[in-house]
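Structure first, commentary second.
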Amino acid sequence: MTITSPHLGSPSVWTDARLLYALEEVVENELNRHLKVAKDWMPHEYVPWSDGRNFPGLFEDGEAWDKDQSKVTEIGRIALVVNLLTEDNLPSYHHEIASLFGRDGAWGTWVHRWTAEEGRHGIVMRDYLLASRAVDPDKLERFRMAHMSEGFESDNRHSMLHSVAYVAFQELATRISHRNTGHQSGDPVCDRMLARIATDENLHMVFYRNLLKAAFELAPDLTMQAVRDVVVNFRMPGHGIPGFERAAAQMAIGEVYNLRIHHDDVLQPVLRFLKVLEIDGLGPEGRQAQEELGLFLGGLDAEALKFDEKLAARKARMAARAGA
């Protein structure tokens, strides 16, 4: 698919290859900035190894798992499994962005650096879960096999620009999900671990958000359409996890991730930073996408308000039952 942009003089047809080349210098600058501010950290330093003991199997003295062995709350357990299984599909994510962005130059350096940093997240989360006995290890492994055997294909794999727009929001969504999971986990060790992961995710969001800003300056109509499409059709990358819908509903009620959080803490910060709804000088397709984006956000806010009201009513019922 090619789109003619009226903003670069006459006539300039954008393809993924041309956009990749045009944004190469921005990627290099953002990569250098990222490397200056990113701090190395050791996953093993965040794991309570002294809490660990043998599971049944090769060890005759192994102790079977029981949920009472861990201080992690039920909502914390659910969210930790969803978050870890999402991180587990890193090979598929790497394949996708390497195919879209390439393995050469600044783009390629970023792809590999991002993959290396993301790899720590799955390592430390799994080690924590097993050492602290927060989840059933057999069930977790069966979930991992089922999820990874399905692979992952992004809704935005058809377009480099759509993919950049998606990860600008998705990295922030992941940061928020990890951070709220830590807060709801009931375990300060888990909270510290997820705070460390969230710091990485925030830096990744900043990289892609700044890249998206450059894309708006370069090809505003095309970028506006990509942002509109991504926001309207947004799904978290873990949507293929077995039982994801039920887990997502529980995480929404548990205030780990829900419509209000998605609207207020994920979509709005990125859109405000980029001033997406204030951009002028757009062509007809860009203006239409901007208008549709604004209408969608209004509708999403209304849906979030309905959810807020239902959640407040549920809390009131629970409080009344507890006081009875």
Side-chain angles (χ1 to χ4, degrees), residues 1-30 96-97 99-102 106-107 153-173 205-237 239 259-260 262-306:
M1 177 181 179
T2 59
I3 298 179
T4 301
S5 170
H7 298 276
L8 290 184
S10 75
S12 184
V13 179
W14 285 113
T15 63
D16 273 4
R18 293 192 65 180
L19 281 167
L20 284 165
Y21 179 78
L23 291 169
E24 176 89 21
E25 185 176 351
V26 179
V27 172
E28 183 175 3
N29 291 337
E30 286 302 310
E96 186 157 298
I97 67 170
S99 300
L100 282 166
F101 300 158
W107 281 103
E153 286 189 341
S154 168
D155 298 328
N156 303 288
R157 62 189 180 277
H158 63 287
S159 160
M160 182 276 291
L161 194 51
H162 279 72
S163 294
V164 169
Y166 175 73
V167 290
F169 295 103
Q170 181 266 320
E171 292 282 6
L172 182 52
M205 179 277 293
V206 170
F207 178 95
Y208 287 118
R209 183 197 64 187
N210 292 351
L211 190 56
L212 191 60
K213 181 176 185 291
F216 265 116
E217 295 168 356
L218 191 67
D221 288 327
L222 183 57
T223 306
M224 186 67 73
Q225 292 172 74
V227 168
R228 183 266 324 270
D229 294 344
V230 163
V231 170
V232 169
N233 300 297
F234 186 88
R235 295 194 296 174
M236 290 293 274
H239 60 78
L259 281 178
R260 174 55 62 203
H262 181 63
H263 178 275
D264 290 1
D265 300 336
V266 176
L267 297 182
Q268 289 292 351
V270 175
L271 294 172
R272 281 198 302 266
F273 178 86
L274 298 174
K275 299 180 180 179
V276 171
L277 297 181
E278 301 172 28
I279 294 174
D280 55 18
L282 296 166
E285 291 181 335
R287 285 197 303 273
Q288 180 180 346
Q290 189 181 48
E291 291 169 2
E292 290 174 353
L293 178 61
L295 288 172
F296 175 81
L297 290 170
L300 184 64
D301 187 43
E303 288 297 313
L305 180 59
K306 293 178 183 178

A side-chain contact here means heavy atoms from C-beta on lying under 4.5 Å apart; do [X] and [Y] qualify?
X	Y	answer
Trp14	Leu218	yes
Phe207	Val167	no
Asn233	Phe296	no
Leu211	Val27	yes
Arg209	Leu172	no
Leu19	Val164	no
Val227	Phe216	yes
Leu293	Val231	yes

Side-chain donor or acceptor of [X] paired with backbone N/O of [Y] under 3.5 Å:
X	Y	answer
Arg18	Thr15	no
Gln225	Asp221	yes
Glu30	Tyr208	no

- Message: Check Glu291 with Arg287, please: is the shortest side-chain N to carboxylate O separation under 4.0 Å?
- Response: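 Looking at Arg287 and Glu291, the cut-off is not met.
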
Which pair of heavy atoms, one from [X] and one from [Y], lies closest together, and at what distance?
X	Y	result
Met236	Tyr166	C-OH, 3.8 Å
Ile279	Leu274	CD1-O, 4.3 Å
Ala215	Thr223	O-OG1, 3.0 Å
Leu100	Ser159	CD2-C, 4.2 Å

- Message: Testing Val266, Val276, Leu277 one by one against Leu271 for a side-chain contact (heavy atoms from CB on, under 4.5 Å), which residue passes?
- Response: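 It is Val276; the other options fail the test.
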
- Message: I need the single residue from His162, Gln170, Glu96 that forms a side-chain contact (heavy atoms from CB on, under 4.5 Å) with Asn156. Which is it?
- Response: His162

- Task: Provide the full list of salt bridge (charged side-chain N to carboxylate O under 4.0 Å, His left out) pairs with a residue in residues 293-303, sequence neighbours left out, each pair given once.
- Result: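 Non-adjacent pairs meeting salt bridge (charged side-chain N to carboxylate O under 4.0 Å, His left out): Arg260-Asp301, Glu303-Lys306.
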
- Can you sort out the partners of Phe169 under ring pair (Phe, Tyr, Trp, His ring centres under 6.0 Å), two or more places apart, ordered by chain and number?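 Residues passing ring pair (Phe, Tyr, Trp, His ring centres under 6.0 Å) with Phe169: none at all.
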
Rounded distance (nearest 0.5 Å) linking atom [atom1] of [X] with atom [atom2] of [Y]:
X	Y	atom1	atom2	result
Asp229	Leu161	CG	CG	10.0 Å
Arg235	Ser154	CZ	OG	9.0 Å
Leu305	Leu300	CG	CG	11.5 Å

- Message: Testing Glu285, Gln290, Glu292, Gln288 one by one against Arg228 for a side-chain hydrogen bond (donor to acceptor under 3.5 Å, both in side chains), which residue passes?
- Response: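 Answer after filtering Glu285, Gln290, Glu292, Gln288: Glu292.
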
